Amino acid sequence: MLVATWNVNSLKARLPRVEDWLQQVKPDVLCLQETKLAADAFPALTFSGLGYESVHHGQGQWNGVAILSKVGLESPTFGFAKEIEPDPDARIISASCGNVRVHSIYVPNGREVGHEHYQYKLSWLARLKQHLESTTSPSHDVIVAGDFNIAPTDADVWDKALFDGSTHVSQPERDALKEITNWGLVDTLRRRYRGAQIYSYYDYRAGRFHKREGMRIDYVMASQSLADRAVFDVIDRNGRKGKLPSDHCPIVTVFRNGSP
DNA sequence: ATGGTCGCGCAGCGA
């Protein structure tokens with residue numbers, strides 16, 4: 001099963017590229033973030049024409065997450081589980097694709113350390129852990145994929161000194177991420193390419209992409225049973241090239257089929 | 001050069 005995640009930075013602006021990418025890569029499951037679309041503007045018919053079922057949690061203008069699947073799409077949920085303090089933003093959607101529980105997430109940016117939005121980010125990460133604990137078990141096949149807006153280690157930013165003291169690298173954010181991975185998730189791409197300077201996001205400004213000055217803040221996280229079957233991981237730099245790209249690359253992981 | 005670009009929506013904010 002080929003699973004991918006892509007922060008498209010407006011699905012309206014990016015739809016032609018997403019269509020092309022789907023036809024070239026043919027993922028079984030694609031998690032999208034920052035659709036920036038209202039519910040009634042989501043192009044479900046375009047995706048069904050390409051063989052994909054889809055679900056979308058949108059609010060229009062900002063945020064918005066979706067899951068596309070050609071291996072089944074059952075039991076969708078929108079936002080956090082109902083016993084958890086609700087999120088005013090559309091940042092998480094979950095569904096079962098085949099036998100895998102998939103969560104497409106867009107973690108808040110945080111803006112600046114100490115900012116109100118930074119506290120919201122930490123709170124959101126704690127609620128994500130609660131959501132995982134209350135909706136599924138790490139002993140099952142679980143995917144949490146999306147834009148985490150956290151560089152897990154200093155190897156995940158192009159200039160450690162430049163980011164010193166800013167969001168995405170602060171210890172409380174990294175600790176909150178560790179809490180989530182400790183629940184039972186593996187960053188399969190980082191496991192395969194330990195220490196490699198490879199990035200998923202490049203600021204549009206200053207020619208960052210061409211200078212390879214980015215951050216790795218998007219990942220496909222898999223529970224252990226799935227991670228044991230991960231046979232291929234890649235950050236698709238081609239997805240960031242050419243005309244009208246998102247500022248994020250698609251991330252792809254391939255899992256071998258289950259059972260021995 | 002002390003910024004640099006997008007997307008939103010139509011000013012200026014957010015990323």
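Residue numbers begin at 1 in each chain, while the letters A, B, ... track the order of the sequences. Nothing here was measured: the structure is a model prediction, and the numbers come from that model.
- If you take CG of A/Leu162 and C1' of B/dG4, they are 14 Å apart, rounded to a whole angstrom.
- Counting to the nearest Å, the C1' atom of B/dG14 and the CZ atom of A/Arg91 are 11 Å from each other.
- Note: CG (A/Asp218) to P (B/dA15) measures 15 Å, nearest angstrom.
- Note: CG (A/Asn7) to P (B/dG14) measures 17 Å, nearest angstrom.
- In summary, the aromatic rings of A/Tyr202 and A/Phe209 are positioned with their centroids under 6.0 Å apart.
- Nearest-nucleotide mapping onto DNA chain B: of A/Asp203 and A/Asn109, the residue sitting toward the 5' end is A/Asp203.
- Between the OH atom of A/Tyr106 and the P atom of B/dG14 there is a distance of 12 Å, given to the nearest Å.
- Of the P atoms belonging to B/dG4 and B/dG12, the separation is 16 Å, rounded to the nearest Å.
- Not one side-chain nitrogen or oxygen of A/Arg208 sits closer than 4.0 Å to the OP1 or OP2 atom of B/dG4.
- The NZ atom of A/Lys243 sits 18 Å away from the C1' atom of B/dT5 (whole-angstrom rounding).
- Taking the centre of each ring, A/Phe148 and A/Tyr106 stay at or above the 6.0 Å mark.
- Using cut-offs of 30° and 60° on the angle between ring planes, the pair A/His103 and A/His131 is perpendicular.
- With 3.5 Å as the limit, one finds no donor-acceptor pair spanning the side chains of A/Thr253 and A/Tyr219.
- With rounding to whole Å, A/Asp147 atom CG is found 13 Å from B/dG14 atom C1'.
- Aromatic ring pairs are classed by plane angle as parallel below 30°, tilted from 30° to 60° and perpendicular above 60°; the pair A/Trp6 and A/Trp21 is tilted.
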Restricting to nitrogen or oxygen on both sides, can you table the protein-nucleotides 6-9 of chain B pairs closer than 3.5 Å?
residue: B/dG7; atom: OP1; partner: A/Arg14; partner atom: NH1; Å: 3.0
residue: B/dG7; atom: OP1; partner: A/Arg14; partner atom: NH2; Å: 3.2
residue: B/dG7; atom: O3'; partner: A/Ser10; partner atom: OG; Å: 3.4
residue: B/dC8; atom: OP1; partner: A/Ser10; partner atom: OG; Å: 2.4

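- In this structure, CD1 of A/Ile217 is placed 12 Å from P of B/dA15, rounded to the nearest angstrom.
- When ring centroids are compared, A/Trp124 and A/Phe80 come within the 6.0 Å threshold.
- Spacing of C1' atoms, B/dG9 relative to B/dG14, comes out at 13 Å, to the nearest Å.
- Across the P atoms, B/dA11 and B/dC6 are found 22 Å apart, a figure rounded to whole Å.
- Of all the heavy atoms in A/Asn7 and A/Asn9, the pair that sits closest is OD1-N, 3.0 Å.
- Comparing the P positions of B/dG3 and B/dC8 gives an interatomic distance of 26 Å, to the nearest angstrom.
- Here, B/dG7 and B/dA1 have their C1' atoms 26 Å apart, quoted to the whole Å.
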